[in-house]
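Reviewing the structure listed below.
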2 protein chains.
Amino acid sequence: MAAAAGVSITTVSDALNGKGRLPDATRRHVREVANRLGYRPSAAARTLRTGRSGLIGLTVTTYGEEPFTFTEFAYFAEMARAATSAALARGYALVILPASSRHDVWSNVALDGTVVIDPSDHDPVVADLVRQGIPVVSDGRPAGNLPVHAWVDNDHEQAVLGILEHLADSGARRIGLLTGTSTDTYTRLSTTAYLNWCERVGQEPVYESYPAHDPCAGAVAADRLLARPDRPDAVYGLFDPNGTDLLAAARRYGLRVPEDLLLVCCSERAAYATTEPPISTLSLKPGRIGTAVVQLLIDAIEGVGAGRPVAQVMPTDLIVRASSQRRPPRTTVSPPRSPDDD
Amino acid sequence: MAAAAGVSITTVSDALNGKGRLPDATRRHVREVANRLGYRPSAAARTLRTGRSGLIGLTVTTYGEEPFTFTEFAYFAEMARAATSAALARGYALVILPASSRHDVWSNVALDGTVVIDPSDHDPVVADLVRQGIPVVSDGRPAGNLPVHAWVDNDHEQAVLGILEHLADSGARRIGLLTGTSTDTYTRLSTTAYLNWCERVGQEPVYESYPAHDPCAGAVAADRLLARPDRPDAVYGLFDPNGTDLLAAARRYGLRVPEDLLLVCCSERAAYATTEPPISTLSLKPGRIGTAVVQLLIDAIEGVGAGRPVAQVMPTDLIVRASSQRRPPRTTVSPPRSPDDD
DNA sequence: GCGATGTGCAGTGACGTTTCTGCATATGCG
DNA sequence: CGCATATGCAGAAACGTCACTGCACATCGC
């Protein structure tokens, strides 16, 4: 390349990177030759020299051997889409690397930093990365005292309070909760927010827990909740399939939704807009999370505002549909998405 | 590192890579020290030296500025999941790189090869990659004469024939088609397969086309199709939202599904299993495609069986539900997915 | 006309691997 | 014992880039 342009290697580098003291004529000439030859500077060499690869990892903790869990699909897909966009806009590319990947794959790729989704307590991969000095930002409050550089999470307490108030506004007298048995922060924060609210307004808590990763257990728990003598007249389900599970259970007990039972669940599924009746959902806005997480990570990589707030709590969106309103909505409550709303 | 273990750089390299002539004692010693120091060989240096990065690109042609199109979500998510798995199993990691990415991002990452999903005619990115000698395998027959090294696609003709026969078996007398106006191979192959079938069995074709990327146009076209004087008594919709669109249109015209109208559409949406009635779908099995595409790509990268068949046509799966059967199925026609079925 | 300052490049040394070559010391065989 | 062969490791070159340093030559002010 240098030979083809009749200049030195240094000049090529300077011309292409806009550095050094070169007259525009030389710069143009070098670029023109590079273009004609289809020449691309070697990414590997640049990475070796500069210590920057322009790659950031997108890691999801897996519970099986498959890269992503099925229940996370809609959330993950949207989050990954937004993260990819945000990264590209800042000149980085995303590498999908499940935490369970073979070790040789992890060490074979030079990452400038990593996003971890929902890291489990003392995740060995995260610990290892941090030890190498690689910035790690997590989606979800890090459990245990995982030494991540920053994290982004939804305001789960506020979300639950919002839903409970909405249900109460719609006329609910006794609100039930369908929750999980595991101790992750999402479940824990949401459940205590519910319990606190109950105590504050003087309602006896009515809830059922089940292992959230078991798809069948959810239907059983939904059934159990509606079979109780102190049956709730409104239910919030913490997990994605709870909407259909609760709807099915309600049908079995001859309960009409929303007349006899108000329903909300936390999910990103578009399908809940077209169920009979449409089910109100709490959206965690994965797009917003993905964007925020990547921004924080790249800031950390580039040393922008080091030492600034490393925790970011994002609001959620309650999408009110027929299932949680005693009267049909007067106006469109969930307007069509605007392009940059998430 | 070499100093810490009291050996030469060469010995470290050999010990870690299982090469050279070293007694097990030395090998173990070096590995133990490396472990203690948390030493990881530099991926960048290795890539520079060997010319292999262990990275493969996953490119999706975009029609807006967002990395993936919304309608491709379910397909893409599943395909990406499978592709990631397959790549990892062979020691590679996947980089998500939309074709519309800034040029500097593309040239900043060293790829061993790329998977392109649904490349458009004469895609400049693909042409560029091929010129650099980087293997490219496409999901979907390459349009134009895009010089990809291999491709994988569904057997669209066979799929359409299977659906038409199934509908005819269910008692359809006049089968309609909801198709697209664009000229991509999927639309073209499916439509001509339909027209050929019509000619063969002596049915007058009944179809409506619309621009597939326009979410609203689909509902209008569905309506148009059912409003025709020669209204079909069965419809196959080529695109993901056609199921709900057709169902809504049928309801407007007071047509019962499946009694008055049989319905099938091509989609990966799980939600079609729970509509009222459940809608039969054609699954393209994106998981199988993703796996195949990655295998082909890595074979090309590693020079395995160079010059072997570079085109692979995969079967589709017709998932028969209530919408396309005049009588309810006797047995479960769509069994629960087995773990490695896709 | 002569130092001081600026301009336009070329040379060079890392970055951290891998791979090839090479040199000792041990081991085998007749 | 002496020569061929094996074994155990070290040295050095190269991969392609970037960031220095350095060297010519031009320009300028006086």
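From a predicted model like this one, the values you see are computed outputs, not experimental measurements. Lettering follows sequence order; numbering is per chain, from 1.
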> Partners of Asp184(B) by salt bridge (Lys or Arg N to Asp or Glu O under 4.0 Å), sequence neighbours excluded?
Replying inline: none
> Mind checking which nucleotides bracket the chain B contacts on DNA chain C, 5' to 3', with an atom under 4.0 Å from a heavy atom?
Replying inline: dG16(C) to dG22(C)
>> Which residues in residues 28-41 of chain B have a heavy atom closer than 4.0 Å to any atom of DNA chain C?
In response: Tyr39(B), Arg40(B), Pro41(B)
> Is the closest side-chain heavy-atom distance between Ser42(A) and Leu48(B) below 4.5 Å?
Replying inline: yes
>> Tell me the interatomic distance from Arg49(B), atom CZ, to dA13(D), atom P, rounded to whole angstroms.
In response: 13 Å
All N/O pairs under 3.5 Å across the protein-nucleotides 7-10 of chain D interface:
| from | atom 1 | to | atom 2 | distance (Å) |
| --- | --- | --- | --- | --- |
| dG8(D) | N7 | Arg21(B) | NE | 3.3 |
| dG8(D) | N7 | Arg21(B) | NH2 | 3.2 |
| dG8(D) | O6 | Arg21(B) | NH2 | 2.5 |
| dC9(D) | OP1 | Thr26(B) | OG1 | 3.4 |
| dC9(D) | OP2 | Thr26(B) | OG1 | 2.6 |
| dA10(D) | OP2 | Ser8(B) | N | 2.7 |
| dA10(D) | OP2 | Ser8(B) | OG | 2.8 |
| dA10(D) | OP2 | Thr11(B) | OG1 | 2.6 |

> For Gln312(A), which residues count as a side-chain hydrogen bond (donor to acceptor under 3.5 Å, both in side chains) partner, sequence neighbours excluded?
Replying inline: none
> Just checking, any donor-acceptor pair under 3.5 angstrom between side chains of Tyr75(B) and Asp118(B)?
Replying inline: no
>> Let me check the geometry of the helix from dG1(C)-dC30(D) to dG30(C)-dC1(D). What is the bend angle between the axes at its two ends, five pairs each, to 10°?
In response: 40°
>> Which residues pass the side-chain hydrogen bond (donor to acceptor under 3.5 Å, both in side chains) test with Ser8(A), not counting sequence neighbours?
In response: Thr11(A)
> Residues in side-chain contact (heavy atoms from CB on, under 4.5 Å) with Asn35(B), at least two apart?
Replying inline: none
> Listed by chain and number, what are the side-chain hydrogen bond (donor to acceptor under 3.5 Å, both in side chains) partners of Arg49(B), not counting sequence neighbours?
Replying inline: none
>> Checking Leu55(A) against Val109(B) for the side-chain contact (heavy atoms from CB on, under 4.5 Å) test, could you report, in this order, the C-alpha distance in whole Å, the side-chain angles of both residues, the deciding distance, and whether it holds?
In response: CA-CA 8 Å; Leu55(A) 292 176; Val109(B) 36; 4.2 Å; yes
Under 3.5 Å, side-chain donor or acceptor atoms of residues 12-23 of chain B against the rest of the protein: list the pairs with distances, not counting sequence neighbours.
| from | atom 1 | to | atom 2 | distance (Å) |
| --- | --- | --- | --- | --- |
| Asn17(B) | OD1 | Arg46(B) | NH2 | 3.4 |
| Asn17(B) | ND2 | Ser13(B) | O | 3.2 |

>> It should be established whether Lys19(A) places a side-chain nitrogen or oxygen under 4.0 Å from OP1 or OP2 of nucleotide dA19(D).
In response: yes
> Of all heavy-atom pairs between Ala87(B) and Leu94(B), which one has the smallest distance, and what is that distance?
Replying inline: CB-CD1, 3.6 Å
> What is the distance from CG of Leu48(B) to C1' of dA13(D), rounded to the nearest Å?
Replying inline: 13 Å
> Which pair of non-hydrogen atoms, one from Leu297(B) and one from Val115(B), has the smallest distance, and what is that distance?
Replying inline: CD2-CG2, 3.7 Å
>> According to side-chain contact (heavy atoms from CB on, under 4.5 Å), who are the partners of Asp128(B), at least two apart in sequence or on a separate chain?
In response: Arg40(A), His103(B), Arg131(B), Gln132(B)
> In chain order, what residues pass the side-chain hydrogen bond (donor to acceptor under 3.5 Å, both in side chains) check against Arg102(A), with sequence neighbours excluded?
Replying inline: Asp104(A)
